[in-house]
Amino acid sequence: MTCARSTRRTAHHRARCWCRYQHQIRTHHGGHRTIRSTRTPTPRRGRRAVLAATGLVAALALTATACGGSADSAGDKPDATSSQATADGNGGNGGNKVKIPADLAGKLKEHGIDVDRWKDGGWKDWDEDKWLSDAKDFVNPVIEGLWKPERMQSAQEADKTVTTQDASAGQGVSDPDPVPVRAQAEKTPYHRSAAPVGKVFFGSPDGPAVCSGTVVKDVNHLGKSNLVWTAGHCVHAGGNGGWYRNIMFVPDCNDLGKSEAEISNANPAEAAPYGNWWANWASTSNQWIQGGSESGGDGAAYDYAVLHVKPEQGAKSLEETVGAALDVDFSAPSAAEAAKMGAWGYPAAPPYNGEKMFKCVDIPGRFSLSPSLPTMYCIGCDMTGGSSGGGWFRVVNGKSVLVSNTSIGPADNTWLAGPQLGRDAEALYQNMSKTYGGQ
């Protein structure tokens with residue numbers, strides 16, 4: 001699989017958003033090609049305030065998969081255990097039922113959804129007629145205690161596909177194949193060595209799922225950001241679906257990089273050192289909502305999203321709690337201008353298991369889905385499924401900034417592609433910041 005496209009190859013290929021499944025497409029030469037795409041806070045710890053250019057390799061890192069690894073998918077349909085967990089609203093730990101704010105309750109009622117039933121497990125009903133899809137219809141009431149370690153362990157990579165379209169070699173919008181880059185394990189503890197990256201857990205019709213995200217600065221609320229950058233397909237199913245549910249962010253997941261056996265018996269402070277942060281609002285591009293689907297890939301070039309999160313417990317902002325946040329570079333530099341880029345994440349598919357954070361650093365090239373769509377960045381990287389939404393960073397004026405996020409990649413795990421972040425992405429970010437940032 002390559003970033004480059006040849007006129008000798010077929011015009012359409014199947015890509016999957018960093019999922020566990022792969023599709024083979026027959027070329028007119030009789031061969032097959034496959035493209036896959038990439039799915040109580042503790043006291044604040046010290047973190048480097050500035051990720052300097054001299055520490056680029058140590059500062060760049062991509063994220064994906066559950067804190068406890070990737071086990072068999074656990075469906076989000078009621079069973080003896082999950083019914084009790086949602087009945088008391090606290091994951092089976094007792095306490096009061098889930099309280100849904102009046103504005104969210106109103107949205108549910110507008111769509112004919114019974115509010116009391118939602119609180120008691122009705123969120124597991126993925127009836128397509130009641131699956132909220134419009135940008136204004138995001139609802140995500142907190143269900144405290146839902147994301148227990150075993151549920152995180154069962155989370156699978158985001159399972160969305162997009163169709164990529166070859167660009168003519170004569171148009172010069174795609175570059176030759178990048179040399180594969182072996183992902184390097186990030187140094188521990190992550191809160192000292194890496195950018196503020198974590199995992200984005202969410203519920204989908206197929207069960208618990210997971211992506212990655214990065215804490216980014218809020219320019220309208222300096223020092224008190226509650227914003228997380230991730231991929232669009234990690235929050236919304238695209239044109240044929242709607243908003244995912246129970247979206248939660250866990251910064252610096254498995255901060256000490258413990259093994260699968262060790263993290264299974266770890267205490268909450270080791271698995272989630274800064275606690276759990278629920279998204280009280282999410283925004284993704286209209287292009288992804290309308291064009292992202294399992295049969296159409298026009299949304300991939302706009303596959304980005306921003307979350308506004310609140311702590312499951314506590315009152316401090318996310319940035320104050322983790323001690324760091326990155327600026328977002330909305331200048332959409334060309335691949336040539338961007339120089340080195342790095343992608344961070346928790347790859348889950350073999351030979352990785354999703355337990356530890358890895359990174360790839362490379363000089364980006366261009367990847368074109370279609371002449372009519374923005375060109376994406378492409379870097380060599382062998383990180384596997386589970387890295388969707390993980391931040392891509394570059395150094396500007398001596399500090400690391402977020403410039404893209406993981407979206408798609410090939411089945412042979414030799415490269416990753418991510419969208420350029422330009423005016424549309426900045427408008428999405430500014431709207432989130434001005435509308436919800438002070439909450």
Side-chain angles (χ1 to χ4, degrees), residues 40-52 59-63 138 140 142 190-192 194-201 211-232 234-235 247-253 255 272-285 304-331 344 389-405 421 425-439:
T40 308
T42 58
R44 182 166 117 186
R45 304 185 182 187
R47 180 191 291 275
R48 288 199 305 262
V50 178
L51 301 174
L60 298 182
L62 171 106
T63 315
F138 176 79
N140 195 51
V142 174
Y190 300 145
H191 76 271
R192 291 189 182 276
V197 173
K199 294 185 178 181
V200 178
F201 293 96
C211 280
S212 303
T214 304
V215 183
V216 295
K217 290 185 178 180
D218 184 339
V219 295
N220 297 299
H221 303 88
L222 295 178
K224 296 185 177 182
S225 176
N226 284 305
L227 303 183
V228 175
W229 196 273
T230 187
C234 299
V235 300
I247 300 173
M248 188 187 73
F249 179 63
V250 181
D252 287 322
C253 212
D255 189 43
Y274 299 111
N276 301 331
W277 298 73
W278 283 71
N280 61 346
W281 197 259
S283 293
T284 186
S285 67
Y304 47 77
V306 61
L307 308 176
H308 183 272
V309 299
K310 300 288 279 186
E312 199 169 69
Q313 298 180 13
K316 283 187 176 180
S317 71
L318 177 59
E319 183 177 1
E320 290 173 304
T321 301
V322 304
L326 293 188
D327 283 314
V328 183
D329 181 0
F330 292 112
S331 67
W344 266 236
W392 289 32
F393 315 129
R394 75 181 186 116
V395 173
V396 178
N397 297 325
K399 66 177 183 178
S400 292
V401 296
L402 186 145
V403 69
S404 186
N405 57 261
L421 305 181
E426 184 173 18
L428 186 82
Y429 164 88
Q430 284 285 357
N431 182 67
M432 175 67 83
S433 169
K434 293 175 181 179
T435 305
Y436 300 98
Q439 299 181 12

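Remember, it's a predicted structure, so these values are computed and weren't measured experimentally.
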Identify, with sequence neighbours excluded, every residue that meets side-chain contact (heavy atoms from CB on, under 4.5 Å) alongside T435. N431
So does [Y] get a backbone contact from the side chain of [X], meaning a donor-acceptor N/O pair under 3.5 Å?
X	Y	answer
N405	W229	no
S400	V395	no
N276	V250	no
N226	S317	no

List for me each residue that meets side-chain hydrogen bond (donor to acceptor under 3.5 Å, both in side chains) alongside S433, sequence neighbours excluded, and say none if there are none. D218, N220
Hey, could you give me the CH2/CG distance between W278 and L307, rounded to the nearest 0.5 Å? 12.5 Å
The reported gap from CZ in R192 to CG in D255 (rounded to nearest 0.5 angstrom) is 9.5 Å
I'd like to check the salt bridge (charged side-chain N to carboxylate O under 4.0 Å, His left out) partners of K217; sequence neighbours left out, ordered by chain and number. D327
Mutual orientation of the aromatic rings belonging to Y429 and F330 [parallel < 30°, tilted 30-60°, perpendicular > 60°]: tilted
So F138 and I247, side chain to side chain contact (heavy atoms under 4.5 Å, CB included) or not? Walk me through it. CA-CA 11 Å; F138 176 79; I247 300 173; 3.7 Å; yes
Would F393 and T214 count as a side chain to side chain contact (heavy atoms under 4.5 Å, CB included) here? Give the steps. CA-CA 10 Å; F393 315 129; T214 304; 3.8 Å; yes
Check whether the side chains of D252 and H191 place a donor and an acceptor atom closer than 3.5 Å, and report yes or no. no
